[in-house]
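What follows is a set of notes on a single structure, which appears directly below.
Each chain gets a letter, A, B and so on, in the order its sequence line appears, and its residues count up from 1.
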2 protein chains.
Amino acid sequence: MDSRHINDGTEVYKSKNLVAERRRRQKLSDRLLELRALVPIITNMNKATIIIDAISYIQELQKCVRDLSDEIHEMEAICEEESKTQSEEIDAAEEMKKWGIETEFTVTHIDDNKIWMKIVFQKKRGGFTKLMNAMSVLGFEFIDTSVTTSKGAILVTSCLEGMHGRMHEVDQLRELLPDIIRSIYGDTDHTYMDPSQIL
Amino acid sequence: MDSRHINDGTEVYKSKNLVAERRRRQKLSDRLLELRALVPIITNMNKATIIIDAISYIQELQKCVRDLSDEIHEMEAICEEESKTQSEEIDAAEEMKKWGIETEFTVTHIDDNKIWMKIVFQKKRGGFTKLMNAMSVLGFEFIDTSVTTSKGAILVTSCLEGMHGRMHEVDQLRELLPDIIRSIYGDTDHTYMDPSQIL
DNA sequence: GTTGACACGTGAGGC
DNA sequence: TGCCTCACGTGTCAA
């Protein structure tokens with residue numbers, strides 16, 4: 001108790017801005033608490049320490065933003081190739097359309113264990129390999145194959161030999177070829193499955 | 001001048017804590033200035049305003065980090081396919097090694113305007129297309145081609161017909177084939193260049 | 001007993 | 001003038 005207290009308990013202050021100053025102090029303390037609430041790692045509850053922690057946190061965030069930004073730029077550079085591949089495919093599709101080339105295929109018997117096949121489909125990287133893989137799984141072996149790419153399309157004429165006595169399944173091959181060709185453009189990397197699991 | 005001043009000008013303070021308190025206050029002010037230096041947008045120089053600005057800046061940074069993080073995850077999902085392709089190539093290389101298959105090629109004449117060629121190289125998506133493209137630019141046309149993929153390798157046996165009277169350049173083809181095969185695994189997407197620009 | 005941190009009331013100065 | 005911000009010295013409490 002000091003001199004500002006009068007006998008009746010009423011408090012007397014020299015300055016009228018006392019309450020205002022109180023409010024100001026409390027406001028600043030509240031802001032500091034808000035700041036502390038945002039910072040995850042707190043070493044101390046000190047006012048100064050809160051600010052220090054906030055500073056190091058901001059620096060950490062800034063570094064994080066820089067790193068992530070760099071990483072994104074790096075990834076963009078890496079994904080550039082893929083976009084090239086995509087634009088390549090778009091170009092192929094447009095060129096095929098321009099020249100009026102349609103996806104098509106023909107399958108005919110040559111003799112009991114050989115068939116002749118012609119396929120025209122849109123050029124795509126790895127497309128021929130996928131086709132070979134699918135045919136191989138279906139039980140056919142490429143004997144003579146001619147491959148030509150032109151105007152965004154791939155033309156495959158091939159003489160196939162059936163294995164496992166599957167040569168009577170040429171009609172099934174005709175039904176499956178659209179799926180095989182479609183699977184070439186699928187986004188998944190799965191190899192073509194054994195037909196026994198499809199049929 | 002208040003009561004703490006004595007006639008001789010010496011200052012007398014009740015508390016020894018005074019200098020320590022001065023240091024503490026200055027330290028806090030310094031930290032606040034540091035904080036202000038880190039925050040790009042400053043609305044006011046007020047102590048409270050500095051903290052408010054820092055708060056909103058931290059929130060902005062946090063949001064930025066979240067957004068960048070999301071973007072990276074999105075990109076990672078997109079680039080997943082490419083990593084699959086890469087692992088596919090690694091698998092192919094390992095399998096070739098496991099089976100002791102070496103990259104090799106043979107080129108021989110058949111007659112005046114036909115050559116026979118055998119190439120074994122590591123399986124890669126689009127590799128055969130690149131090979132075809134390179135051979136086409138070099139002035140050769142695929143007549144009969146057999147392609148087989150097995151144990152991570154691609155075996156291409158092919159009968160080629162020379163165009164533009166280039167059939168006397170078979171020796172040059174032998175010299176160029178290593179470069180062609182190497183260009184299949186290059187990271188660039190350029191089509192194989194005309195040999196007149198190489199030789 | 002000493003040290004550090006804090007809130008308080010107060011006067012100075014700016015707009 | 002009044003309002004707002006600041007730095008100051010001080011008392012107090014805890015480690």
Check your understanding: With respect to the phosphate group of D:dG9, does any side-chain polar atom (N or O) of B:R25 fall under 4.0 Å of OP1 or OP2?
Key -> yes
Check your understanding: Quick one: is A:R24 getting a side-chain N or O under 4.0 Å of the D:dC4 phosphate, OP1 or OP2?
Key -> no
Please tabulate, for the side chains in residues 28-35 of chain B, all donor-acceptor contacts under 3.5 angstrom to protein atoms that are two or more places apart in sequence or on a different chain.
from, atom 1, to, atom 2, distance (Å)
B:S29, OG, B:R25, O, 3.4
B:R31, NH1, B:E34, OE2, 3.3

If I take atom [atom1] in residue [X] and atom [atom2] in nucleotide [N], what distance separates them, rounded to the nearest angstrom?
{"X": "A:R22", "N": "C:dC6", "atom1": "CZ", "atom2": "C1'", "value": "16 Å"}
{"X": "A:R23", "N": "D:dC4", "atom1": "CZ", "atom2": "P", "value": "7 Å"}
{"X": "B:L28", "N": "D:dC6", "atom1": "CG", "atom2": "C1'", "value": "13 Å"}
{"X": "A:L32", "N": "C:dC6", "atom1": "CG", "atom2": "C1'", "value": "12 Å"}
{"X": "A:L18", "N": "D:dC3", "atom1": "CG", "atom2": "C1'", "value": "15 Å"}

Review point. Counting only distance, no hydrogens or angles, is the base of D:dC4 paired donor-acceptor with the side chain of A:E21 under 3.5 Å?
Key: no
Point to revise | Within residues 33-52 of chain A: residues closer than 4.0 Å to DNA chain C (heavy atoms) | key: A:M45, A:N46, A:K47
Exercise for review: When you get a sec, tell me which of D:dA7, C:dA7, C:dA5 is the closest nucleotide to the side chain of B:K27?
Suggested key: C:dA5
Exercise for review: Kindly check if the number of other-residue, nucleotide or ligand heavy atoms within 6.0 Å of CD (B:Q59) is above 12?
Suggested key: yes
Check your understanding: Salt bridge check: are A:K63 and A:E60 linked by an N-O gap of less than 4.0 Å?
Key -> no
Exercise for review: In plain terms, say whether B:K98 and B:E95 are close enough for a salt bridge, that is, a side-chain N and a carboxylate O under 4.0 Å apart.
Suggested key: no
Check your understanding: Just by distance, with hydrogens left out, do B:Y57 and B:Q62 show a side-chain donor and acceptor under 3.5 Å apart?
Key -> no
Check your understanding: Does A:Q122 use its side chain to pair, donor to acceptor, with the backbone of A:E89 at less than 3.5 Å?
Key -> yes
